[in-house]
**Student:** 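My questions will all concern the structure given below.
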Protein chains: 2
Amino acid sequence: MQKKNVRGMEEIVKYQLVLASASPRRREILSQAGLEYIVRPSDFDERSIGAGAAPEEYVRALSRGKAAEVYRKMAGEPGASDGSAPSVLVLGADTVVAHRGRLLNKPRDRADAAEMLGRLQGDSHEVYTGVALCRRGEDGREELRSLAVKTEVYFYPMTREEIERYLDCGEYADKAGAYAIQGRFAAYIREIRGDYYNVVGLPISAVVQELKALGAWPL
Amino acid sequence: MQKKNVRGMEEIVKYQLVLASASPRRREILSQAGLEYIVRPSDFDERSIGAGAAPEEYVRALSRGKAAEVYRKMAGEPGASDGSAPSVLVLGADTVVAHRGRLLNKPRDRADAAEMLGRLQGDSHEVYTGVALCRRGEDGREELRSLAVKTEVYFYPMTREEIERYLDCGEYADKAGAYAIQGRFAAYIREIRGDYYNVVGLPISAVVQELKALGAWPL
């Protein structure tokens, strides 16, 4: 945001970026891109979003819920509105995998992961990440913007033995779709179409474009 | 390679993978995918390849030159042919960036890097990596296979100030095209079409498919 200050010069509002996610992958991506941030994981109840929504709408709704929840918590903290601290800009994000119209979340266990990779091998699927940014708008009210980014991912065919060997490394746990593109599974990814970091968990270049649109880049 | 042994059973030949490159990025990609290897950088003279070749042919020729040079060096070492050690499989690789028909190599200096990024911003370009695998064939002679993998990369538009700020981080040195997709430059990459790791320097999934075709997977 650029405003005229008392001398009529343009002034850049400095923001404190707040990541409303406990994901170590999202932290790594922000750090890699050189962004400074603090972490305040959200307690947003994911079950409040209807599971029947289209993937784009589902991840946008979840990311909005996370960002707004953390923004409101911080706005209620002492010193939040004394004007001396940098403005808070809260980033919420959520990632899902969609295969032939079906959403794949994190696997329940190894058998569930084997079933997911059995479906995904030799085929393409989509990864959607929703990103929401929440700040105090010019009118003093909460301002919430969100977007969803899609990346298509193509897997090589895998034998049952290759799937079992991959599962042995344990990487599948805690990953939507049961694989980590940034880990050993790189061996089986033929091609992607879209942003690689979106598959890891945060479409960093789209986030930077959004920060530019908000006048908040460089942070 | 599967051969019948004296009992008529199929036997998997175990290979020692040898990376004929000093690139730390290629080492990291092989390690990430769980491959074990040793490093023997090549002394192949890159100037022996005509610069007028098409990008695919140029990187294939360079990767073949590197793999064959290291294979021959190792074949001449004592103990190389006593049959007790695992067979050697040498991997050579080379990466170039092509923009509107022009090859971009590593920048000479910061000014050259600024000029490259000025060309690439807001546009698409292609990254080509050639990979060659060299081993002792069934007839006892050197067997050399190679392939080239292309990834299209799309950059967001960048201001002159953004380019200068990126150059400040120093990452451009030693990178074809003056950027590192796996570093801070992730902030400006809108999309890729192809293998991400091909842009980093080694198309790991294509390498694994080639190892499978050679009967050398899992290593």
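In the text below, chain A, chain B and the rest are named by the order of the sequence lines, each starting its count at 1.
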**Student:** Between Tyr197(A) and chain B, which part of the residue has a heavy atom less than 4.5 Å away: side chain, backbone, both or neither?
**Tutor:**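 Just the side chain, heavy atoms under 4.5 Å.
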**Student:** Given heavy-atom pairs under 4.5 angstrom as the criterion, report whether the side chain, backbone, both or neither of Ile189(A) touches chain B.
**Tutor:** backbone
**Student:** Taking Arg193(B) first and then Glu191(A), would you say they form a salt bridge - that is, a charged N and a carboxylate O separated by under 4.0 Å?
**Tutor:**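 Salt bridge between Arg193(B) and Glu191(A), a charged N being under 4.0 Å from a carboxylate O: no.
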**Student:** Select, from Ala187(A), Ala206(A), Ser31(A), the one with the greatest count of heavy-atom pairs under 4.5 Å involving chain B.
**Tutor:**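 Most heavy-atom pairs under 4.5 Å with chain B: Ala187(A).
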**Student:** For chain A, find its close neighbours in residues 107-125 of chain B: heavy-atom separation under 4.5 Å, sorted by number, or none.
**Tutor:** none
**Student:** Looking only at side-chain N and O atoms, does Arg190(B) offer a donor or acceptor that is under 3.5 Å from a partner on Ser205(A)?
**Tutor:** no
**Student:** Just checking heavy atoms, which of residues 162-182 of chain B are less than 4.5 Å from chain A?
**Tutor:** Glu162(B), Arg165(B), Ile181(B), Gln182(B)
**Student:** Side chain, backbone, both or neither: which part of Gln209(A) has a heavy atom under 4.5 Å from chain B?
**Tutor:** side chain
**Student:** Does a donor on one side chain and an acceptor on the other come within less than 3.5 Å for Asp94(B) and Ser63(B)?
**Tutor:**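 On atom types as modelled, these side chains do not qualify, holding no pair under 3.5 Å.
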**Student:** For the residue pair Tyr154(A) and Glu152(A), confirm or rule out a side-chain donor-acceptor distance under 3.5 Å.
**Tutor:** yes
**Student:** Any side-chain donor paired with an acceptor under 3.5 Å for Thr129(A) and Arg60(A)?
**Tutor:**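 Not at all, the side chains of Thr129(A) and Arg60(A) share no donor-acceptor pair under 3.5 Å.
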**Student:** Does a donor on one side chain and an acceptor on the other come within less than 3.5 Å for Arg26(B) and Thr95(B)?
**Tutor:**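 Checked: Arg26(B)/Thr95(B) side chains pair up, N/O donor to acceptor below 3.5 Å.
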**Student:** Whether the Thr151(B) and Asp195(B) side chains hold a donor-acceptor pair (N or O, under 3.5 Å, no angle test) is what I'd like checked.
**Tutor:**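 There is no such pair between these side chains.
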**Student:** Quick check: Phe185(A) with Phe155(A) (ring centres under 6.0 Å apart)?
**Tutor:**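 They qualify: ring centres under 6.0 Å apart.
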**Student:** If we ignore hydrogens and angles and just use 3.5 Å, is the side chain of Tyr71(A) paired with the main-chain N or O of Arg136(A) as donor and acceptor?
**Tutor:**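 Confirmed, Tyr71(A) side chain pairs with Arg136(A) backbone.
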**Student:** Hey, are Arg135(B) and Glu143(B) close enough for a salt bridge, meaning a charged N less than 4.0 Å from a carboxylate O?
**Tutor:**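 Yes, charged N to carboxylate O under 4.0 Å.
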